[in-house]
Amino acid sequence: MLEPSPRPFARFEWQIAWKYLRARRKEGGVSVMSIISLVGVALAVFALIVTLAIRSGFRTEFVSAIIGSNAHITVFAPQSRDENGALVNLLTNYEDAAEQAETVPGVARAAPIIRAQVMATANGRNAGVEVFGETLEDFKTIPFMAAPEEEFGDLSRFDEGVALGAEVALSLGLQVGDFVTLISPEGTKLPFGGTSPRINKYEVVYIFRVGHFQTDRIRVYMPFAEAQSFFDREGVADQIEIFIDEPEDVEAVSDVVFEALGGTPYLQTWKNVLGNYLRALTMEDNVMFVLLSILVLIASLNIVSGLIMLVKNKGRDVGILRTMGLSEGSILRVFFICGASIGVIGTIIGVITGCLFAIYIGPIFDLINCVMGGGVWDRSIRMISELPAELQLMDVLSAVAMSLGLSFTVTYFPARKAARMNPVEALRYE
């Protein structure tokens, strides 16, 4: 009676594979090549995970910088003409509109604002800034302003002066308690034509740094009532800013807000503003993943070269094993285990090191910055205060799937060649 064939991946197959993997060069092994292949796979997976984490971090950081300091939905009034025939789009019933918008499910807050660009001057220096007229209560509920990275001054005195971004204060040489002059070109009309710019001086009562350079560099917040007076907006507002609980669902919420406001105002969402930018990020993400996948493929090909050498060196062993009764399937599995083990161990090492690097990327870059003497990360160029990294489960799983998939695929072909080796030919010259 025929003996039953051994089950796939039996213990003896693992033992033979392990013997081949750790065999020294003089014994016909390729241990050095195995180590090189393992290191290559680990580095490729490490690079893939770190790059994906930084890519996700940049996207999240830039998007959060926009939705953290800017309205998720902005409501404008329909355009009309004033008594002089000029086009205007000012909201006259802004309080009612804000209250109606806040009743929409998913809306966190809605507030009228005054928004204008002016020239700020102090200590003989000038800077173009964007002024936002907000009430103190509304200012505190802006996501970034609720928990800034740094703050100076007394926010409770907001109604007595203005709040500046840290980079605005730095460029003008201002500190809390100093005075800044704001100049608006939209001034008072003169009796004989032309306009006189509005000029006013305000005390700096609060300075903030939110970590997004573009916000810190141009933002000035002014009490809403004072902004109405300074910009000649008595009884009106420029727009209503709306923050929602789930910014990614802004399209669905904006449709409901539009209906709640009677279907007459013009609405703009943060995705409308960043549409092209988000599409460019997505395309860049896809290209980056393809390029890094090629890196993993190159690392996986080292396994192929190692296995080919192993099959060549172990031809005599294969012939003996076949004559002892091992099937082609057993031989294939032995060499497949050799290559797959390198891919699995390299992937595990790459995942662990990549995840640790992404988690502790801040201290690592601080150390690099210290060793290099500074200048590695300039927030004035990068627009954010530190290198972001966001480790996402799907990114890690995609890196693991890519590495193991390529490792197993490239391992199969030299393993199959070994399995189909003719034992007579393998032992002919032995």
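Values below: all heavy atoms of this structure, side chains included; hydrogens, waters and symmetry mates excluded.
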Q: Show the numbers, then the answer: is there a side-chain contact (heavy atoms from CB on, under 4.5 Å) between M222 and L182?
A: CA-CA 11 Å; M222 179 186 293; L182 300 182; 3.5 Å; yes
Q: Taking only Lys NZ, Arg NE, NH1 and NH2, and the carboxylate oxygens of Asp or Glu, determine whether E241 and R109 approach each other closer than 4.0 Å.
A: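 Yes, this pair counts.
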Q: Do any N or O atoms from the side chain of R233 and from the backbone of F231 form a donor-acceptor pair under 3.5 angstrom?
A: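 It does hold such a pair.
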Q: Flag the pair Y94 / F224 as yes when their ring centroid distance falls below 6.0 Å, and as no otherwise.
A: yes
Q: I'd like to know if the side chain of N123 reaches the main chain of R125, judged simply by a donor and an acceptor atom lying under 3.5 Å from each other, with no hydrogens or angles considered.
A: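 The answer is no, because no donor-acceptor pair under 3.5 Å joins these two groups.
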Q: Charged N to carboxylate O below 4.0 Å: is that the case for R59 and E390?
A: no
Q: Within the side chain of T51, is there an N or O that forms a donor-acceptor pair under 3.5 Å with the backbone of L48?
A: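 Looks like no, no N/O pair under 3.5 Å.
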Q: Does atom CD of Q175 have more than 12 heavy-atom neighbours, drawn from other residues, nucleotides or ligands, at distances under 6.0 Å?
A: no
Q: Between R157 and E203, is there a salt bridge with N-O shorter than 4.0 Å?
A: yes
Q: Just wondering, are more than 12 heavy atoms of other shown residues or ligands nearer than 6.0 Å to CE in M288?
A: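 Result for CE/M288: open.
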Q: If you look at every heavy atom in L155 and F139, which pair is closest and at what distance?
A: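 Closest heavy-atom pair between L155 and F139: CD1-CE2, 3.4 Å.
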Q: With rounding to the nearest 0.5 Å, note down the distance linking CD1 in I142 to CG in N70.
A: 9.0 Å
Q: Report yes or no: does S254 contribute a side-chain atom to a donor-acceptor pair with the main-chain N or O of E251 at less than 3.5 Å?
A: yes
Q: I'd like to know if the side chain of S403 and the backbone of A399 have a donor-acceptor N/O pair within less than 3.5 Å.
A: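 Side chain of S403 to backbone of A399: no pair is present.
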Q: Does some side-chain heavy atom of F152 sit less than 4.5 Å from a side-chain heavy atom of F208?
A: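 Heavy-atom side-chain distance check fails, nothing below 4.5 Å.
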Q: Start with the C-alpha distance between T121 and L172, add both sets of side-chain angles, then the distance that settles side-chain contact (heavy atoms from CB on, under 4.5 Å), and finish with yes or no.
A: CA-CA 7 Å; T121 179; L172 297 178; 5.8 Å; no
Q: Do I364 and F357 touch side chain to side chain, with heavy atoms closer than 4.5 Å?
A: yes
Q: Does a salt bridge link E150 with R209, judged by any charged N lying under 4.0 Å from a carboxylate O?
A: yes
Q: Going by heavy atoms in the side chains, are R115 and Q239 under 4.5 Å from each other?
A: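 Answer yes - side chains close enough.
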Q: Using a 4.5 Å cut-off on heavy atoms from C-beta on, say whether the side chain of F289 contacts that of M402.
A: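 In contact.
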Q: Go through I199 and M119 one step at a time and tell me if the side-chain contact (heavy atoms from CB on, under 4.5 Å) criterion holds.
A: CA-CA 10 Å; I199 304 175; M119 177 71 72; over 6 Å; no
Q: Rounded to the nearest 0.5 Å, how far apart are CD1 of I240 and CG of L261?
A: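 One gets 6.5 Å once the value is rounded to the nearest 0.5 Å.
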Q: Begin from the C-alpha positions of I183 and V118 and carry the test side-chain contact (heavy atoms from CB on, under 4.5 Å) through to its verdict.
A: CA-CA 6 Å; I183 305 171; V118 301; 5.9 Å; no
Q: Quick one: closest heavy-atom pair of I113 and A237, and the distance?
A: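 Where I113 meets A237 most closely, the heavy atoms are O-CB, 3.8 Å.
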Q: Please examine the side chains of Y206 and P148, heavy atoms only from C-beta on, and report whether any two atoms are closer than 4.5 Å.
A: yes
Q: Do E160 and Y202 meet the criterion of a side-chain donor-acceptor pair at a distance under 3.5 Å?
A: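 Note: E160 and Y202 side chains miss the donor-acceptor criterion.
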Q: In the structure I gave you, are the side-chain heavy atoms of L170 and R217 within less than 4.5 Å of one another anywhere?
A: no
Q: What are the two closest heavy atoms between A358 and A389, and how far apart are they?
A: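 Residues A358 and A389, closest heavy atoms: O-CB, 3.7 Å.
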Q: Which atom names give the shortest non-hydrogen contact between A77 and L91, and what distance separates them?
A: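 Result for this residue pair: CB-CD2, 3.4 Å.
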Q: Could you tell me the separation between the CG atom of L292 and the CG atom of L52, rounded to the nearest 0.5 Å?
A: 6.5 Å
Q: Can a side-chain donor-acceptor contact be found between S56 and D395 if the only test is distance below 3.5 angstrom?
A: yes
Q: Strictly below 4.0 Å, N to O, side chains only: are K271 and E248 in salt-bridge contact?
A: yes
Q: Once you round to the nearest 0.5 Å, how far does CG of L90 lie from CG of D238?
A: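 Between atom CG of L90 and atom CG of D238 there are 6.0 Å.
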Q: I'd like to check V162 versus V205 (side-chain heavy atoms, cut-off strictly below 4.5 Å). Are they in contact?
A: no
Q: Would you mind reporting whether D232 and R198 have side-chain heavy atoms less than 4.5 Å apart?
A: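 They are in side-chain contact.
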Q: Treating Q228 as the side-chain partner and E234 as the backbone partner, does any N or O pair qualify as donor plus acceptor under 3.5 Å?
A: no
Q: State the OG1-CZ distance between T347 and F46, to the nearest 0.5 angstrom.
A: 14.5 Å
Q: Should the pair F243 and H72 be assigned to parallel (<30°), tilted (30 to 60°) or perpendicular (>60°) ring geometry?
A: perpendicular
Q: More than 12 heavy atoms of other residues, nucleotides or ligands under 6.0 Å from CD of Q268: yes or no?
A: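 Counting other residues, nucleotides and ligands, CD of Q268 exceeds 12 neighbours.
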Q: Picking from V107, T269, L267, what satisfies side-chain contact (heavy atoms from CB on, under 4.5 Å) with I242?
A: V107
Q: Looking at I73, is its backbone amide N or carbonyl O close enough to the side chain of W270 to form a donor-acceptor pair, meaning the two atoms are under 3.5 Å apart?
A: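 Answer holds: no.
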Q: So, for S293 and L406, which heavy atoms are closest and what is the spacing to 0.1 Å?
A: O-CD1, 4.0 Å
Q: Do D138 and T135 have a side chain donor and acceptor closer than 3.5 Å?
A: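 Side-chain D/A pair, D138 to T135: present.
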Q: Drop me the distance from E130's CD to Y221's OH, to the nearest 0.5 angstrom.
A: 9.0 Å
Q: If you compare all heavy atoms of A120 against all heavy atoms of V180, which two are closest, and at what distance to 0.1 Å?
A: CB-CG2, 4.1 Å
